[in-house]
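In what follows, a single structure is set out as structure tokens and then discussed.
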Amino acid sequence: FFALSILYKLTLFNFDLNLGDASEQIDEIFNKGYFNNYKTYNYLAFYISQITEDYNYYLLIINIILGSAAISTMYLILTEVGMSFSSRNLIIIFILLYIPISAINTFLRVDSLYNFLFTISIYLSLMCFKKENFRYILILNIIFLLLCFTREQTIYFLPLYIGLFLFSKI
């Protein structure tokens with residue numbers, strides 16, 4: 001589904017990857033000192049702008065990859081939950097065809113990163129429930145840290161996750 005998702009998103013954009021400009025946002029935050037709460041994505045945009053002049057193109061490519069990876073992670077989540085093959089595929093096709101998820105890649109760029117990290121956190125939580133592995137717990141904590149830096153509202157989800165982990169052992 002990863003490659004299918006990338007192809008679908010490119011088709012939606014008519015293979016025109018020249019959408020939006022992050023230069024104003026980068027200038028306001030890193031040159032003028034304005035506060036912005038989307039730290040992870042802003043630093044990603046800043047570092048890519050330091051590497052290349054065509055950073056808007058690469059940011060869109062990264063967003064398309066993250067959006068497609070989030071859909072692929074949703075497929076893994078559905079597999080872990082135990083859904084049948086046909087149900088999994090049908091659900092992923094509906095998610096893939098849902099236009100707002102594909103539009104997030106261009107209009108709300110930080111949401112691509114957030115959706116990817118959030119779906120990874122759900123998948124890793126399911127893996128932690130199945131088998132207690134220190135590596136999964138460590139990676140999950142790092143993902144939570146990145147989620148909190150990406151969107152501060154994630155802090156409100158953390159008690160829910162802690163409760164799920166505590167009550168899953170009962």
Side-chain angles (χ1 to χ4, degrees), residues 1-6 9 22 25-26 28-30 33-52 55 58-83 87-89 91-92 94-96 98 100-170:
F1 279 103
F2 181 74
L4 180 66
S5 176
I6 288 177
K9 290 170 192 278
Q25 181 180 5
I26 292 170
E28 285 180 353
I29 296 168
F30 293 103
Y34 292 142
F35 175 76
N36 191 309
N37 54 353
Y38 304 134
K39 297 197 182 351
T40 308
Y41 189 81
N42 289 329
Y43 279 108
L44 175 68
F46 177 72
Y47 290 131
I48 291 176
S49 73
Q50 297 299 310
I51 295 171
T52 179
Y55 56 91
Y58 291 108
L59 285 173
L60 186 60
I61 293 292
I62 288 171
N63 284 341
I64 289 173
I65 290 170
L66 288 175
S68 299
I71 290 174
S72 299
T73 307
M74 288 178 200
Y75 184 82
L76 292 174
I77 291 169
L78 294 174
T79 303
E80 286 299 320
V81 177
M83 288 207 151
S87 296
R88 267 192 317 247
N89 289 335
I91 289 170
I92 293 300
F94 283 144
I95 290 171
L96 185 61
Y98 186 59
I101 289 179
S102 297
I104 281 174
N105 296 326
T106 57
F107 299 119
L108 301 170
R109 292 181 171 195
V110 71
D111 284 347
S112 294
L113 177 63
Y114 188 78
N115 280 344
F116 172 68
L117 292 172
F118 188 66
T119 55
I120 288 288
S121 73
I122 293 171
Y123 177 71
L124 287 173
S125 297
L126 290 173
M127 296 306 291
C128 287
F129 290 149
K130 284 193 170 188
K131 49 186 168 193
E132 291 182 20
N133 188 340
F134 180 73
R135 183 180 63 159
Y136 288 134
I137 294 171
L138 180 66
I139 294 171
L140 184 62
N141 283 321
I142 293 169
I143 295 292
F144 281 146
L145 180 67
L146 288 174
L147 275 168
C148 288
F149 285 139
T150 304
R151 288 225 164 163
E152 283 82 8
Q153 297 90 337
T154 306
I155 293 173
Y156 301 125
F157 284 127
L158 293 180
L160 176 67
Y161 274 99
I162 292 170
L164 284 173
F165 278 106
L166 290 176
F167 292 120
S168 70
K169 304 301 176 194
I170 296 177

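Within the structure, salt bridge (charged side-chain N to carboxylate O under 4.0 Å, His left out) pairs that include any residue of residues 59-77 do not occur (at least two apart or interchain).
In this structure, Leu76 CG and Ile92 CD1 are separated by 9.0 Å, a value rounded to the nearest 0.5 Å. The OG1 atom of Thr154 lies 12.0 Å from the CG atom of Leu160; values are rounded to the nearest 0.5 Å. Rounding to the nearest 0.5 Å gives a distance of 3.5 Å between CD1 of Ile91 and CE of Met83. Here the CG-CG distance, from Leu140 to Asn133, works out to 12.0 Å after rounding to the nearest 0.5 Å. We find the CG-OH distance between Asn63 and Tyr58 to be 15.0 Å, quoted to the nearest 0.5 Å. Ser112 contributes atom OG, which lies 11.0 Å from atom CD1 of Ile65 (distance to the nearest 0.5 angstrom).
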Output side-chain donor-acceptor pairs under 3.5 Å for residues 117-130, partner residues at least two apart or in another chain, one line each.
from	atom 1	to	atom 2	distance (Å)
Thr119	OG1	Asn115	O	3.0
Thr119	OG1	Phe116	O	3.0
Ser121	OG	Phe118	O	2.6
Ser121	OG	Tyr161	OH	3.0
Ser125	OG	Ser121	O	2.8
Lys130	NZ	Glu80	O	3.3
Lys130	NZ	Glu80	OE1	2.8

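Residues Leu145 and Asn141 have side chains not in contact (no heavy-atom distance under 4.5 Å, counting atoms from C-beta outward).
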